[in-house]
J.: 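Following this message is one structure expressed as structure tokens.
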Amino acid sequence: KQVVTGRKPTSAQLHLMFTTEVNLSQIGPYIDYLTKKQGVKSVFVNGTTGESLSLSVAERKMLAKEWCEKANGKMEVIVHVGCMSLKDSQELAKHAVEIKADAIAVMAPFFLKPKTAEALKLYLQEVSSAAPVLPFYYYHIPAITGVHVPARDVIAGIQELIPVFRGVKFSGTDLMDLGQCVSSSPPQWSFLYGVDEQLLAGLAMGADGAVGSTYNYLGCHVNKLIAAFEKHDLDQARKIQFKLQELLGFATNFGFDLGVNKQVMNDVSGLLLGPPRLPVMPCPPTHAQAIAKKYFELFTEC
Ligand SMILES: CC(=O)N[C@H](C=O)[C@@H](O)[C@H](O)[C@H](O)CO
Ligand SMILES: CC(=O)C(=O)O
């Protein structure tokens, strides 16, 4: 998103920082950056980092369409379509079919929360039924949704409800739950781990891949972490994981959040991705610069 321009940079300046609109023009260059500079092969659009729940349905459609059009062949696109309203989620799921997304993902609604795995599964089934051809992922992110139903209970028997079920984007820290998901699932399902600071532990438990906010600027290093793990080179895998932890530990001192992450993305990539939308606050430039400096100390270009 980009700051709305065309107003006088007086006292309005500060106000402008908070008046954000989606900026589709950066998506093409963003895809080139991710594929060429970071070696990223798939993208998870309109998730947490994309502030999807702060966007209107119309904005989410515009963004998803642009990503699918521009990614065409260069990247696989998974579109997160979860909303607080089942109707909105279904509308976005249908739209994902029209724009030829590769897959959809859905998180639990979290204003009126599902109280049981059963309720959540029925909700997910209703969303999937609006896009019955699209591979479907459950997006498990209990720290944000406050829905603490174990993922293993969500996926138990889910294939009967959702024939296109394909896996979980697992952004929880409960590694026993992840292990039980992996051990109870058919081999063709994927578990994409989403807690960047402990990806190696997720891989050890059987995760097949990773989705994370920091991979916007650490994609290439994290690919190396995964490759080292696959070669059983745990020393090398840990070395990269520990550097990522050092960076995130440092960033946490500045209150690492979506706003900070977005500014680091800007500073490292040179893209103009703009500030976040309220209620997420923009990152003070000095904070982002300190984190970017740390990034360049820890990681060389790869
Ligand atoms: C809550 C949140 O934003 N989770 C992201 C994805 O799921 C992660 O990529 C984290 O941003 C990352 O692990 C840093 O804490
Ligand atoms: C980072 C991530 O997983 C998300 O944006 O949803």
Side-chain angles (χ1 to χ4, degrees), residues 34 40-55 57 59-61 63-68 71 75-110 113-114 117 120-145 147 149-155 158-159 161-172 177-178 181-182 185 188-196 202 207-213 215-216 258:
L34 290 176
V40 171
K41 294 174 203 75
S42 310
V43 68
F44 190 85
V45 172
N46 290 344
T48 304
T49 315
E51 297 173 87
S52 57
L53 274 300
S54 304
L55 299 172
V57 167
E59 286 176 319
R60 287 173 68 169
K61 284 186 183 174
L63 282 159
K65 182 164 182 276
E66 186 72 8
W67 275 97
C68 287
M75 289 185 116
E76 180 199 19
V77 182
I78 305 176
V79 180
H80 170 247
V81 301
C83 301
M84 294 309 105
S85 153
L86 174 60
K87 288 282 180 190
D88 287 347
S89 302
Q90 288 176 323
E91 186 178 334
L92 287 177
K94 264 195 206 112
H95 181 255
V97 178
E98 287 163 24
I99 61 175
K100 299 191 169 59
D102 293 291
I104 54 173
V106 179
M107 66 171 71
F110 53 89
K113 298 174 174 56
L120 177 49
K121 281 197 262 200
L122 289 172
Y123 174 86
L124 299 176
Q125 180 187 26
E126 286 297 314
V127 181
S128 178
S129 70
V133 292
L134 276 187
F136 185 99
Y137 290 85
Y138 166 54
Y139 184 0
H140 181 63
I141 184 156
I144 287 195
T145 61
V147 175
V149 178
R152 59 179 176 269
D153 295 342
V154 180
I155 68 173
I158 204 162
Q159 210 161 10
L161 301 175
I162 304 177
V164 288
F165 192 79
R166 194 59 66 79
V168 179
K169 174 183 168 351
F170 194 105
S171 289
D177 189 28
L178 175 60
C181 286
V182 172
S185 296
Q188 68 273 18
W189 289 4
S190 290
F191 291 88
L192 308 171
Y193 197 59
V195 184
D196 310 5
D208 305 277
V211 187
S213 65
Y215 307 151
N216 281 290
L258 291 178

J.: To the nearest 0.5 Å, how far apart are OG in Ser52 and CE in Met107?
T.: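 Reported to 0.5 Å precision, the distance equals 5.0 Å.
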J.: Relative to each other, are the rings of Phe44 and Tyr139 parallel, tilted or perpendicular (30° and 60° limits)?
T.: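 Taking Tyr139 first and then Phe44, their aromatic rings stand perpendicular (interplane angle over 60°).
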J.: Determine whether Phe136 and Ser128 make a side-chain contact, defined as any pair of heavy atoms from C-beta on separated by less than 4.5 Å.
T.: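 Of all side-chain heavy-atom pairs linking Ser128 with Phe136, at least one is under 4.5 Å.
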J.: Just how far is it from atom OG1 of Thr48 to atom NE2 of His80, taken to the nearest 0.5 Å?
T.: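 One finds 7.5 Å between OG1 of Thr48 and NE2 of His80.
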J.: More than 12 heavy atoms of other residues, nucleotides or ligands under 6.0 Å from NZ of Lys87: is that the case?
T.: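 Not buried by this count: 12 neighbours or fewer within 6.0 Å.
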J.: Do Asn46 side-chain atoms and Val81 backbone N/O form a donor-acceptor pair below 3.5 Å?
T.: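 A pair under 3.5 Å: no.
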J.: Return yes if some donor-acceptor pair links the side-chain N/O of Tyr138 with the main-chain N/O of Arg166 below 3.5 Å, else return no.
T.: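 Such a contact is absent between Tyr138 side chain and Arg166 backbone.
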J.: Are more than 12 heavy atoms from other residues, nucleotides or ligands located less than 6.0 Å from atom NZ of Lys61?
T.: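 Yes.
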J.: Quick one: CH2 on Trp189 to OH on Tyr137, what's the gap to the nearest 0.5 Å?
T.: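 OH of Tyr137 is found 11.5 Å from CH2 of Trp189.
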J.: How long is the gap from CD on Glu126 to CD on Gln90, to the nearest 0.5 Å?
T.: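 One gets 6.0 Å once the value is rounded to the nearest 0.5 Å.
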J.: Quick check: closest heavy atoms across Ile155 and Phe165, and the distance to 0.1 Å?
T.: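 The answer is CG2-CZ, 3.7 Å.
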J.: Roughly how far apart are Cys68 SG and Asp102 CG, rounded to 0.5 Å?
T.: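 That separation rounds to 7.0 Å.
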J.: Measure the CD1-CD1 distance between Ile104 and Ile78 for me, rounded to the nearest 0.5 Å.
T.: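 One gets 11.0 Å once the value is rounded to the nearest 0.5 Å.
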J.: Just so I know, are the side chains of Val154 and Leu124 near enough to count as touching, which here means a heavy-atom distance under 4.5 Å?
T.: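 In contact.
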